[in-house]
Every structure is written in structure tokens, then in C-alpha cells.
**Q** 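I'd like to ask some things about the structure below.
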Amino acid sequence: MSKKVRVRFAPSPTGGLHLGGVRTVLYNYLFAKKHGGDFVLRIEDTDQTRYVAGAEAYIFNCLEWAGLVPNESPLHGGNYGPYRQSERKAAGMYQQYADQLIEQGHAYYAFDTPEELEKMRAIYKTAENPSPQYDHTLRMKMRNSLSLSAAETNQLLAAGTKKVVRIKMPQNETVSFTDMIRGEVSFDTALVDDKVLLKADGMPTYHLAVVVDDYLMQISHAFRGEEWLPSAPVHVLLWKYLFGLEAMPQWAHLPLILGPSGKLSKRDGARYGFPVFAMNWTDPKTNELTEGFKEKGFLPEAFINLLALLGWNDGTEKEIFSKDELVNAFSMERVHAAGAKFDYEKAKWFNHDWIKHVDSNLLLPLVKDLLLQNEIPVTDESLLLQVISLIKDRCTLLPDFVQQTSFFFKAPQQLDVAAVKSKWTDEKKTFFEAFTETVLQQTDFTPAALETAFKELAAEKNIKPGELQLPLRIMLVGGKFGPPVFDIAVLLGKKETAERIKRGLKQF
RNA sequence: GGCCCGUUCGUCUAAGGGUUAGGACACCACCCUUUCACGGUGGUGAUACGAGUUCGAAUCUCGUACGGGCUACCA
């Protein structure tokens with residue numbers, strides 16, 4: 001009898017949500033859906049000094065956009081609330097466990113001030129040991145309930161002296177566990193420091209909170225970034241002391257997503273020339289805007305597709321997956337152990353492919369929005385739909401639609417005259433004057449029929465039709481791009497096509 | 001420095017001891033197309049190094065090198 005699958009994503013609301021974060025969400029989500037489980041979102045806001053206004057709402061917006069909505073969260077409710085650690089602390093959910101650990105002798109009070117800690121690090125710092133740890137080698141030299149007598153400790157406690165609770169790491173134990181991605185991982189406890197569990201302000205640190213909350217929320221599988229691996233022995237020990245190893249979730253430490261130079265970090269923003277955040281993020285303090293994948297013009301379907309394939313594959317050569325297909329195919333065991341360097345070129349390819357194959361109706365509102373933003377009037381939605389189908393092969397990112405569709409709704413302001421001028425002749429001018437009439441009088445106004453008429457007239461005037469197509473394009477489009485020129489003319493209509501030709505003739 | 005994790009084309013990756021080491025992105029060439037793309041065909045390009053186990057190693061073991069992460073009263 002296996003317990004119900006319950007997974008959680010536990011971000012701290014300190015800024016934008018980057019690629020790695022979204023991928024962690026995605027793997028959680030896929031795993032939960034695949035196994036008919038619950039996906040919980042818990043806010044890890046125990047560090048009040050790092051509180052950033054708006055960050056939590058922003059995270060929900062990103063998840064909404066990506067289509068990875070949690071079953072339980074501070075926003076969506078649930079039976080295991082509250083879902084913010086600050087509120088859980090206020091409800092007194094952590095203190096008792098810290099007390100229990102102290103009673104068991106697995107944790108102790110430490111009275112060292114930040115200054116004293118700094119001093120300790122300065123004193124014991126050597127070339128061989130550049131960052132001394134508060135561990136079994138040093139704890140008896142510090143001020144804590146282990147080094148002090150019971151009377152002294154009680155006196156300090158009674159006086160309300162600032163204190164933290166630290167875990168007492170055992171001196172000769174090997175802690176090991178099975179990671180779903182890496183297999184067995186083990187650590188020598190003597191080499192791990194006595195991490196703070198409860199801070200002076202009464203807030204738990206991540207280490208205590210993650211264990212207590214995962215237990216209370218009945219989390220069955222805990223997925224997080226590889227950067228947590230070094231502190232995993234602390235969490236395993238806490239599970240052992242508090243709730244028993246049988247109750248511990250199965251761990252999977254996800255490989256990191258690397259930027260051009262190491263771990264992708266929130267601070268790196270758009271420094272790489274590509275977005276790192278899911279959506280635009282404006283730092284409330286500096287007002288600095290960092291562009292997101294959404295605003296850059298990525299489809300959410302493409303975004304999760306490319307993220308899923310960054311470190312995972314289904315064992316076949318399939319690369320394009322819908323969300324449902326991902327749910328169906330996903331397995332944690334097929335996630336790679338090695339970190340993956342993010343490749344923006346490939347990311348764009350995913351988006352391009354999604355744009356090409358997705359139903360144009362889905363693109364319609366997005367493109368319309370974009371055109372309106374660029375002051376291009378869209379009066380006819382059914383025309384826009386036809387245009388989108390005609391040109392979506394040419395668009396990698398959503399904003400590409402602006403250039404590719406705008407000339408259907410607004411005559412080009414400037415024509416690329418230079419592309420035509422050198423080969424321009426009076427004969428060609430005569431041709432186009434005649435062709436204007438052809439267009440106006442065409443009864444079968446379809447691309448094929450128009451092209452035939454065009455070629456017949458060219459033959460009549462003894463000009464190679466190929467020499468005339470580019471000028472026509474320039475007159476209709478303004479530049480050397482766009483779909484087949486007779487498709488454009490038909491969508492434009494007889495009148496508009498004729499007018500653009502007349503206008504173009506004046507400029508050549 | 002210590003600890004942990006990792007290492008297949010430039011990048012993402014496949015290959016449950018036996019393959020001419022496969023695919024995708026990017027790049028190059030050709031075809032299609034008298035625009036730009038899409039598409040098609042082909043090409044360049046990888047098992048970090050050294051030992052060992054084995055008839056046989058990208059695959060198992062060890063060492064080395066390299067890369068990354070952690071080393072806060074941050075997560």
C-alpha cells in the first residue's frame with residue numbers, strides 16, 4: 001500500500017521565477033498528474049529580510065501562464081494550510097519540533113551573536129580551511145547549551161537572551177539515501193556543520209521547515225534543485241529524529257540548468273541576451289525590468305516543451321510534446337543526472353515549431369493584441385486568421401507576426417525602391433499600368449488565376465514574368481519578404497491591390 | 001581548502017557489455033522557390049585521460065583531470 005502521491009514546489013518569493021524554477025514546477029506537475037496525485041505550492045517566506053513585494057503574485061501569474069496550476073496553495077486553498085511558512089510559524093507549527101529535538105539531545109541552544117560568529121570564522125580561517133564551520137570540532141568553543149553549564153544556560157534562557165537552535169550533527173555516522181535520479185548518495189556526518197534550525201526571531205530555517213512541512217502536508221516525493229544535495233543529510237537526520245525514515249518522501253535532486261557561465265541565477269536577468277524569467281519581472285526596489293519568455297514571444301506550450309526536454313527525454317527521438325503527452329511519457333528515472341547548459345537557439349526552434357503546427361485560432365488573440373500594440377488596425381478577424389495561417393511558417397517568435405502581417409492591414413509606408421530601381425524600365429511601367437486593369441477586371445480572383453493572367457500579360461508585353469514579380473511584391477508589401485505574392489494580392493482585394501500598384505509606380 | 005554531484009558531436013541528448021556510436025538545434029552544401037521562409041537530400045562534428053575486469057567496454061571498477069554545486073540566524 002503506497003501512499004497517495006503528493007508533491008510540492010516551494011519557492012521563496014524573492015524575485016523573478018527563472019527557467020530552473022519553472023522546470024522544477026513542471027517536473028512536479030508532470031509527476032503528480034501522471035500518478036493521479038496532488039501538486040502543492042508552498043511559499044517559503046521565512047526570511048523576512050528578503051521579502052519582495054509582489055513576488056508571490058508574480059509566481060502565480062507565471063504558473064497560470066505556463067498552465068501549471070497547483071491543486072493546493074495560498075491562492076487555491078487546500079486541507080493542509082496555511083501554505084505560507086510565515087503563517088505556519090505564527091500558528092506555532094515549528095517550535096514544538098525544535099523543542100522535541102532539544103529534549104532528544106539532537107539539537108541545542110546557541111547564544112553566539114552574529115559578531116561572535118564572524119569572529120570565530122576570522123580566527124579559525126586558514127589557507128587549508130577557508131570557511132570554518134560551526135561543527136563538532138568547534139562547538140565546544142562557542143557559547144551554547146553544550147559548552148555552558150546547565151545553570152548558565154538556564155540563566156541565559158531566563159534572561160531572554162537571543163538564541164538559535166542548532167542541530168547536533170553526529171560525529172561518526174554515514175547518512176545515505178536513494179535519490180530517484182542519482183541512486184544511492186552518502187555523506188559523512190562529521191563533515192556537516194551544525195545548521196541553524198530555528199532562528200533568533202523564532203522563524204524556522206529552510207532545514208527545519210522543509211522537513212516539518214513535508215511531513216505535515218504528507219508529501220510523498222520531494223523534488224528540488226541539485227544545490228540542495230549537500231544539506232540533504234541534515235534533512236534525512238531530521239526525518240529520522242522527528243518522524244521516522246519510513247515516512248520520509250522519496251528524494252530527487254534535479255540537475256541544474258546552466259547559463260553560459262555556471263548556474264543560472266535570478267540576478268543574471270537578461271545579461272545573456274536571452275530571457276531567464278518566465279514573465280517580465282520588475283524589481284520593486286530598483287524598478288529594473290527583466291524581460292520574460294512570455295513577453296519575448298514564446299508560446300506557453302513551447303516553453304514547457306523545451307523545459308521538459310532540458311534534462312529529460314522519453315527514450316525515443318520524439319521532441320515535440322504537448323502537455324498531455326508529457327504527463328503520459330514522463331518518468332523521474334529518465335531525468336539526466338548531469339547539468340544542462342541552456343541553448344537559446346534550440347529554445348527558439350521549439351517555439352517556431354509550435355507556432356507552425358498550432359491551430360491558427362489559438363494564435364489569433366495573441367497576434368491581434370500584438371498588432372494593436374503596434375497601432376496596426378485589425379478590422380477583420382477572419383482576414384487575420386487567414387493571414388496567420390498563410391505566414392506562421394515565417395515566425396519564430398510572436399513579435400515576428402507584426403512584420404509579417406502588418407502590410408495586410410496597413411499599406412507599407414516606405415517601399416524598398418532600391419531593390420527594383422536599377423532594373424526598372426518603361427516597359428515594366430507599361431506592364432503594371434495594364435496589369436492594374438487586369439486585376440480590377442479579374443472575374444476569377446484566386447491566386448492561381450491571377451498568376452496565370454499575370455504571366456499571360458507578361459508574355460504579351462514580352463517581359464519575363466520573373467522580372468516582374470519582385471516589383472509587384474515591393475509595391476504590395478514594401479520589402480523582400482512575405483508569402484507568395486499572388487496570395488497577398490487576393491487577400492488584399494482587387495481595389496487595394498490596384499491602388500498599391502498605382503502608388504508604387506509613382507515611386508519607381 | 002573540504003564535501004557532494006557530474007563528464008558522449010559547439011549545445012540538448014540516444015545507445016538495458018557486441019551498433020559503421022543514432023537523433024535534434026546550430027553550421028555548411030545542394031534541391032524546391034525568380035521574395036523571405038517552410039520543406040527535402042547530404043555533409044562537418046563526440047564517448048576527457050590512464051589503468052583494470054571481460055573473448056569483447058561509451059556502458060562495470062579504480063585513479064587522474066576537468067566542470068558544477070554547497071560550505072549564512074538565504075532559500
**Q** What pairs of nitrogen or oxygen atoms, one from the protein and one from nucleotides 24-26 of chain B, lie under 3.5 Å apart?
**A**
| residue | atom | partner | partner atom | Å |
| --- | --- | --- | --- | --- |
| A24(B) | O4' | E319(A) | OE1 | 3.1 |
| A24(B) | O2' | E319(A) | OE1 | 2.5 |
| A24(B) | O2' | K346(A) | NZ | 2.9 |
| A24(B) | N3 | K346(A) | NZ | 3.1 |
| C25(B) | OP1 | W349(A) | NE1 | 3.3 |
| C25(B) | O2' | K346(A) | N | 3.3 |

**Q** Nearest of C38(B), U35(B), C73(B) to any side-chain atom of K199(A)?
**A** C73(B)
**Q** Under a 4.5 Å cut-off applied to non-hydrogen side-chain atoms, are Y51(A) and Q48(A) in contact?
**A**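 A side-chain contact is absent here, since even the closest heavy-atom pair is not under 4.5 Å.
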**Q** Quick one: is A75(B) close enough that its OP1 or OP2 comes under 4.0 Å of any side-chain N or O from T46(A)?
**A**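 Yes.
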**Q** Could you say whether P483(A) or L229(A) is positioned toward the 5' end of RNA chain B, judged by the nucleotide with the nearest heavy atom to each?
**A**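 The answer here is L229(A).
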**Q** For the side chain of P114(A), starting at C-beta, report the closest nucleotide among C73(B), A75(B), U35(B).
**A**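 Output: C73(B).
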**Q** Under 4.0 Å, heavy atoms only, any strand: does G311(A) hit a base, just the sugar-phosphate, or nothing?
**A** sugar-phosphate
**Q** Where each residue is assigned the nucleotide of RNA chain B containing its nearest heavy atom, which of A200(A) and F187(A) is assigned the position nearer the 5′ end?
**A** F187(A)
**Q** To the nearest Å, give me how far apart NE2 (H235(A)) and P (C4(B)) are.
**A** 17 Å
**Q** Between E467(A) and K428(A), is there a side-chain N and carboxylate O pair less than 4.0 Å apart?
**A** yes
**Q** What nucleic acid atoms does V185(A) come within less than 4.0 Å of, heavy atoms only: base, sugar-phosphate, or nothing?
**A**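 V185(A): backbone/sugar contact only, no base atoms under 4.0 Å.
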**Q** Roughly how many Å is it from NE2 in H336(A) to P in C5(B), rounded to a whole number?
**A** 18 Å
**Q** Assign R334(A) to base, sugar-phosphate, or nothing according to its heavy-atom contacts below 4.0 angstrom with the strands shown.
**A**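 Sugar-phosphate, backbone atoms only, no base.
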**Q** Any side-chain N or O of K356(A) below 4.0 angstrom from OP1/OP2 of G39(B)?
**A**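 Yes, because at least one side-chain N or O of K356(A) sits under 4.0 Å from OP1 or OP2 of G39(B).
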**Q** Using a heavy-atom cut-off of under 4.0 Å over every strand shown, decide if P11(A) touches base, sugar-phosphate, or nothing.
**A** nothing
**Q** Measuring to OP1 and OP2 of U34(B), would you say a side-chain N or O of K480(A) lies under 4.0 angstrom away?
**A**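 Negative; the distance criterion is not met.
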**Q** Name the pairs: protein N/O against N/O of nucleotides 64-72 of chain B, kept only if under 3.5 Å.
**A**
| residue | atom | partner | partner atom | Å |
| --- | --- | --- | --- | --- |
| G69(B) | OP1 | K263(A) | N | 3.1 |
| C70(B) | OP1 | K263(A) | NZ | 3.1 |
| U71(B) | O2' | Q133(A) | OE1 | 3.0 |
| U71(B) | O2 | S131(A) | OG | 3.4 |

**Q** What's S186(A) touching, base or sugar-phosphate or nothing? Going by heavy atoms closer than 4.0 Å.
**A**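 Touches sugar-phosphate only.
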**Q** Under 4.0 Å between a side-chain nitrogen and a carboxylate oxygen: does that hold for R139(A) and D194(A)?
**A**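 Salt bridge flag = yes for D194(A) with R139(A).
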**Q** Rounding to a whole Å, what distance do you find between Y272(A):OH and U11(B):C1'?
**A**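 It works out to 16 Å between those atoms.
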**Q** Between A75(B), C3(B), U11(B), which one does the side chain of E44(A) approach most closely?
**A**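 Out of A75(B), C3(B), U11(B), the nucleotide with an atom closest to E44(A)'s side chain is A75(B).
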**Q** Rounded to whole angstrom units, what separation is found between the CG atom of L390(A) and the P atom of C36(B)?
**A**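 So the CG-P distance, L390(A) to C36(B), works out to 16 Å.
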**Q** Under 6.0 Å between ring centres, would you say that holds for F342(A) and F274(A)?
**A** yes
**Q** Using OP1 and OP2 only, check whether a side-chain N or O of N129(A) sits under 4.0 Å from G1(B).
**A**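 So the side-chain polar atoms of N129(A) never come under 4.0 Å of the phosphate oxygens OP1 or OP2 of G1(B).
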**Q** Between the base of C36(B) and the side chain of R394(A), is one N or O donor paired with an acceptor at under 3.5 angstrom?
**A**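 Present.
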**Q** Indicate whether the side chain of D99(A) and that of Q95(A) have a donor and an acceptor atom separated by less than 3.5 Å.
**A**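 Looking only at side-chain atoms, Q95(A) and D99(A) do form a donor-acceptor pair, the distance falling under 3.5 Å.
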**Q** With a 4.0 Å cut-off on heavy atoms, is R182(A) in touch with a base, just the backbone sugar-phosphate, or nothing at all?
**A** sugar-phosphate
**Q** With a 4.0 Å cut-off on N to O distance, would you call D214(A) and R42(A) a salt bridge?
**A** yes
**Q** Kindly determine whether Y206(A) and W228(A) satisfy ring pair (Phe, Tyr, Trp, His ring centres under 6.0 Å), including the steps that lead there.
**A** CA-CA 11 Å; Y206(A) 173 85; W228(A) 290 106; 3.8 Å; yes
